Amino acid sequence: MSAQSRAATVLRDEVLALRPYHVPSAAGLIKLDAMENPYRWPPELTEQWLGRLRHAELNRYPAPQAPELTERLREAMQIPAQWRVMLGNGSDELIQLLAMAVAKPGAKLLSVEPTFVMYAMIARYLGIEYVGVPLREDFTLDLDATLATIAAEQPALIFLAWPNNPTGNLFPVEQLEAIIAAAPGLVVIDEAYEPFAGQSLLGRIGEFDNVVVLRTVSKMGLAGLRLGYLVGAPAWLDPIDGLRLPYNINVLTQITASFALEHKPILDAQAAQLREARTVLSEQLQALDSIRVYPSAANFILIRCLGKAADAVHGELREAGVLIKNLHGSAPALDQCLRVTVSTAQENEAFIEALREALSG
Ligand SMILES: *Cc1c(COP(=O)(O)O)cnc(C)c1O
């Protein structure tokens, strides 16, 4: 028997249908496709960090509960003592653990569409039924449809990216409250873009018995570390933490993230700069009449090409040395849509120049 036919007999059908998550090469390009923070640390901070790493005990397993890092997170993010903090190898891992935790036969996972693709992908990996409620044409939430679908489907788990990715908008908090009140199970508020949004449900977890807040350090400037955190009541997080593989946060990440959080004002200042740059870039984009610009509370902006095809615009930007995300073809609602990460003034300028050029040609 060939390896191929043996694998085809043994592997689950949904696994055989999977393709690896494709990340295009960004070599030599201005990288505006993945919501990364463009700023580096000042040289003296890098020196201090390297000094801290000198004491890393690479021969030892990492601390399973990462107590020091958890303490730094509690201080830096003002997490009340009554809530548990669970760490993940990126918030992607926490999304996976949450889904695993509810995966009884027949359990459903619900979100809105379009949203962060990992919710549906992870549901598929685990054989959980995924229900996506379409957003309106302008990407606002269709509350009536969402509440009706919750009532009909009774999802065990609801994910709401707040602000939403890839649309960038922040649903009104009253709509979140209505969804939370209607949900029969757990609601995860995914606040990956909290540094750019100015709104959070973290301080209000205690008002509900079915809300946990998911965060990550990725979009605030530490994407390379792979560190996400989940905040919520012990009744939810203690059992779910049992699913976590014991050493999921490595020694280097624990040391580095603790160090970075001690210097959080630097990261906060970078986020403030990016929020200002977002305003400038939005205005520049709005001045172009062959695109539609969607409002953003995150560190990226979604646009829709109204004349020239998004594929062509994306390709010409790439030719000009600028990589953004082409969402055209990923979902009908994202027809002719492109997403650009807000970056430094210089990189934003290079992008807007290249875009003007592409749209005029
Ligand atoms: C980027 C993103 C994440 C993933 O964060 P990691 O911690 O890097 O895994 C989670 N949720 C949303 C909505 C995102 O856009």
Side-chain angles (χ1 to χ4, degrees), residues 21-23 31-38 66 69 73 76-77 85-100 109-123 125 130 132 135 139 141 157-171 176 187-197 199-202 212-232 244-245 248-250 253-254 256-257 260-261 267 271 274 278 294 296-302 324-325 327 330-331 334 337 339-343:
Y21 188 77
H22 176 67
V23 180
K31 195 172 182 312
L32 305 178
D33 64 328
M35 284 77 88
E36 291 147 333
N37 172 335
L69 171 55
L73 273 172
M77 307 300 171
V85 177
M86 177 176 163
L87 305 183
N89 192 331
S91 49
D92 287 351
E93 187 189 34
L94 294 166
I95 295 168
Q96 189 178 42
L97 292 173
L98 284 158
M100 283 169 68
L109 194 158
L110 181 143
S111 191
V112 295
E113 285 294 325
T115 191
F116 188 47
V117 291
M118 281 295 159
Y119 309 146
M121 279 170 60
I122 286 171
Y125 297 165
Y130 175 81
L135 295 172
F139 302 128
L141 205 133
L157 189 58
I158 296 177
F159 281 100
L160 291 171
W162 200 58
N164 192 33
N165 173 16
T167 61
N169 55 325
L170 192 72
F171 307 129
L176 260 59
V187 181
V188 182
I189 308 298
D190 182 347
E191 298 187 350
Y193 299 97
E194 179 272 337
F196 313 102
Q199 279 201 65
S200 171
L201 240 55
L202 190 72
V212 293
V213 170
L214 180 63
R215 295 262 190 93
T216 174
V217 300
S218 293
K219 312 296 163 42
M220 59 186 263
L222 302 167
L225 291 184
R226 308 306 299 130
L227 179 69
Y229 58 103
L230 186 64
V231 182
R244 187 176 57 85
L245 298 178
N248 64 333
I249 311 299
N250 72 70
T253 294
Q254 291 194 27
T256 304
L261 290 168
L267 300 175
L274 292 169
R278 176 180 68 200
Y294 293 90
S296 171
N299 65 339
F300 60 85
I301 299 173
L302 184 74
I324 65 170
K325 178 80 174 177
L327 295 163
S330 64
L334 294 169
C337 282
R339 185 190 65 198
V340 61
T341 307
V342 177
S343 184

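On a predicted model such as this, the values are computed, not experimentally measured, just so you know. Both ligands and their constituent atoms are indexed starting at 1 by order of listing.
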What part of Met35, side chain from CB on, backbone N/CA/C/O, both or neither, has a heavy atom under 4.0 Å from ligand 1? neither
Can you tell which of Leu214, Leu227, Leu230 makes a side-chain contact (heavy atoms from CB on, under 4.5 Å) with Ser91? Leu214
Pick whichever of Leu214, Asn165, Asp190, Thr216 has a heavy atom sitting closest to atom 7 (O) of ligand 1. Thr216
Ligand 1 contact by Met118, heavy-atom criterion under 4.0 angstrom: no
Pull out every atom of ligand 1 sitting under 4.0 Å from any heavy atom of Lys219, numbered as shown with elements. 1 (C), 2 (C), 3 (C), 4 (C), 14 (C), 15 (O)
Note: heavy atom closest to atom 10 (C) of ligand 1, options Trp162, Phe116, Tyr193, belongs to Phe116
Could you tell me whether Phe300 and Phe196 have their ring centroids closer than 6.0 angstrom? no
Give the numbers and elements of all ligand 1 atoms closer than 4.0 Å to a heavy atom of Ala161. 13 (C)
Kindly identify the option in Gly224, Ser218, Gly228, Gly88 whose heavy atom sits closest to atom 8 (O) of ligand 1. Ser218
Could you tell me which atoms of ligand 1, counted from 1 in the order shown, lie closer than 4.0 angstrom to a heavy atom of Gly90? 7 (O), 9 (O)
Check whether any side-chain heavy atom of Ile249 lies under 4.5 Å from a side-chain heavy atom of Leu69, and answer yes or no. yes
Under 3.5 Å: donor-acceptor pair, side chain of Glu191, backbone of Leu201: yes
Is any side-chain heavy atom of Thr341 closer than 4.5 Å to one of Lys325? no
So, is Ser91 polar-close to ligand 1, with some N/O to N/O distance under 3.5 Å? yes
Kindly state whether the ring of Phe159 and the ring of Phe116 have centres lying under 6.0 angstrom apart. no
Are Leu302 and Leu327 side-chain neighbours, meaning at least one heavy-atom pair lies under 4.5 Å? yes
Nearest to atom 9 (O) of ligand 1, what protein heavy atom do you find, and at what distance? Arg226 NH2, 2.8 Å
Note: ligand 1 atoms sitting under 4.0 Å from heavy atoms of Asp92 are 4 (C), 9 (O)
List the steps and the verdict of side chain to side chain donor-acceptor pair (under 3.5 Å) for Asn165 and Arg339. CA-CA 10 Å; Asn165 173 16; Arg339 185 190 65 198; 3.0 Å; yes
